[in-house]
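First the structure, in the form of structure tokens, and then the observations on it.
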2 protein chains.
Amino acid sequence: MPQPSAPRKTLGRPPRISREEIIATARRIVDEGGVGRLTMRRLAAEVGSTPMALYHHVRDKEELLVLLLDDYAARTLRRPRLPDHPRERIVVAATAIHEALAACPWIVEVLTADDLLSTSALWFVEQIVDGLVGCGLPLDRAVHGYRAIWYYTAGEIVVRTTAARRRADDDRATYREQVFADLDPSELPRLTQAADRWAPLTAEDTYRDGLQALVDGLLARR
Amino acid sequence: MPQPSAPRKTLGRPPRISREEIIATARRIVDEGGVGRLTMRRLAAEVGSTPMALYHHVRDKEELLVLLLDDYAARTLRRPRLPDHPRERIVVAATAIHEALAACPWIVEVLTADDLLSTSALWFVEQIVDGLVGCGLPLDRAVHGYRAIWYYTAGEIVVRTTAARRRADDDRATYREQVFADLDPSELPRLTQAADRWAPLTAEDTYRDGLQALVDGLLARR
DNA sequence: AAGAGTTTCTGTACATGTAAGAAAAGTTAG
DNA sequence: CTAACTTTTCTTACATGTACAGAAACTCTT
């Protein structure tokens, strides 16, 4: 594992490519042609190197994607002015993260990553935890609350993005319709009742609603 | 796309393998050696066929995994006796799904799938939607509520499983510690305060707590 | 200057998912 | 029986991520 920033100045063969260059190029490729265009070989070619040389600056492709997400977050996550009221602060902070992530759909493959994303996102985490504390939760419950919010947020993005990808697929969309058409009304009355409205209902963006409900619920358990 | 069950009885070359056989064998491989052992080549070999022959019974590996999950759900999802009170019913139904899914960690790759999983899970969806309606929500809000619960549930499993996978990795664990050690206490006071407790706190299983909070919040917005 | 040590890069090789097309094994029409 | 047709299977081939082994390009020591 080469250190991201080696302590010594120059020792050994001098590098011809840098992690920054790799990330910048990867970003360009993704911006131009989507994450599907990003292969280690193509990236190496564009950087003017060989595939395996990349592996001295990046552990594997997954880490590259995480770095790409970090980079994206650092560049686009602007700190909004937050309301004074702690509950509102939580909602606004979480929504800001959600919006930023939802705007770049290729992250789904990385999103499954971890609880706290890049360093640039820490401020938002802080705001959420602090907001929960400000509403009267003890610190440990606030951390748990933040995690619940993160689960909800990550889940929403992952599920929604993947669903959108599938909806583009005729066969699978047809399969879903079939499931709803074949419902047994006596055993599944509510689903039958909602069957024809299901598609539009699930297409609605209800992230904020659910978030507020979750926050309310978390605060009510004080 | 070959139909899962062709209308005509016999026409063309008779199949030597069936989708069921494929799924059963895949299940065995996964049970024995984890999902990492499941490759199309190995599966073909164990079935006594060639890799490409599988593709006449299964669209691609992802579909195979979805089918595997369906199969798993159909075999292990037992319907628990649900409480009468609708709110409790929601919590118990969701927890049952969550437990079943959390018990088979390989699904993460599929979980990102869709809102409703296999047919066997529909009953649970019904219970949740019906519980929400029983608590006074109109049907469309109940569907939205169910989706929020599903986002939370899927997110919890995906994030937690991936986090566990990474925790096995020393480098990444160290990196995380580093992030917490380097916090600026003046800018991120809460995180600093929680820094040393973060690892144990996030290791706790708080699914149920968060779920109840979410349900409470959903019901409070009646 | 020669060697040792260190880091980066290159070349080759393998496992994987799967696309494309040919071949095989039936059924049915003539 | 032969030819056409259909469905399944097999063969071959390619793109991809990445392991491994060494070569290359430096600095530091002697």
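Order of the sequence lines sets the chain letters (A, B, ...), proteins ahead of strands, with each chain counted from 1. Nothing here was measured: the structure is a model prediction, and the numbers come from that model.
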For A:Phe124, all residues meeting ring-ring contact (aromatic ring centres under 6.0 Å, His included), sequence neighbours excluded: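 Here no residue qualifies.
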For B:Tyr152, all residues meeting ring-ring contact (aromatic ring centres under 6.0 Å, His included), sequence neighbours excluded: B:Tyr207
Distance check needed: [N] [atom2] versus [X] [atom1], whole Å only.
| X | N | atom1 | atom2 | answer |
| --- | --- | --- | --- | --- |
| A:Ile29 | D:dT16 | CD1 | P | 11 Å |
| A:Leu64 | D:dT16 | CG | P | 15 Å |
| A:Tyr55 | D:dT16 | OH | P | 12 Å |
| A:Glu63 | D:dG17 | CD | C1' | 15 Å |
| B:Ile17 | D:dT8 | CD1 | C1' | 9 Å |
| B:Ile22 | D:dT9 | CD1 | P | 8 Å |
| B:His56 | D:dC10 | NE2 | P | 11 Å |
| A:Leu54 | C:dG11 | CG | C1' | 15 Å |

Distance check, rounded to the nearest 0.5 Å: B:Asp60 atom CG versus B:Met40 atom CE?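 B:Asp60 atom CG to B:Met40 atom CE measures 7.5 Å (nearest 0.5 Å).
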Qualifying side chain to side chain donor-acceptor pair (under 3.5 Å) pairs with a residue from residues 177-189 of chain B, counting only residues at least two apart or across chains: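 Side chain to side chain donor-acceptor pair (under 3.5 Å) check on residues 177-189 of chain B returns A:Arg79-B:Glu187, B:Gln178-B:Asp182, B:Asp184-B:Ser186.
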Listed by chain and number, what are the side-chain hydrogen bond (donor to acceptor under 3.5 Å, both in side chains) partners of [X], not counting sequence neighbours?
| X | answer |
| --- | --- |
| A:Asp209 | none |
| A:Glu21 | none |
| A:Glu156 | A:His98, A:Arg160 |
| B:Asp205 | none |

So does B:His57 get a side-chain nitrogen or oxygen closer than 4.0 Å to the phosphate oxygens (OP1/OP2) of D:dT9?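 For D:dT9, OP1/OP2 do have a side-chain N/O of B:His57 under 4.0 Å.
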Pairs meeting criterion salt bridge (charged side-chain N to carboxylate O under 4.0 Å, His left out) with involvement of residues 41-58 of chain B, two or more places apart: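 Every pair satisfying salt bridge (charged side-chain N to carboxylate O under 4.0 Å, His left out) with a residue in residues 41-58 of chain B: B:Arg28-B:Glu46.
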Please give the angle, rounded to 10 degrees, between the axes at the start and the end of the helix from C:dA1-D:dT30 to C:dG30-D:dC1, where five pairs define each axis. 30°
Take nucleotides 23-30 of chain D nucleotide by nucleotide from the 5' end and write B, S or -, depending on whether a protein heavy atom sits under 4.0 Å from the base, only from the sugar-phosphate, or from neither. -BBBS---
Quick one: which of D:dT9, D:dT18, C:dT18 gets closest to the side chain of B:Lys61?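 Side chain of B:Lys61 sits closest to C:dT18.
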Are a donor atom and an acceptor atom from the side chains of A:Tyr55 and A:Arg59 found within less than 3.5 Å of each other?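 Looking only at side-chain atoms, A:Arg59 and A:Tyr55 do not form any donor-acceptor pair under 3.5 Å.
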Residue-level proximity of residues 35-53 of chain B to DNA chain D when a heavy atom falls under 4.0 Å: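 Heavy-atom cutoff 4.0 Å gives B:Ser49, B:Thr50, B:Met52, B:Ala53.
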Tell me, please, which residues at least two apart from A:Val215 pass side-chain contact (heavy atoms from CB on, under 4.5 Å). A:Arg87, A:Ile90, A:Val91, A:Ile149, A:Leu211, A:Leu219
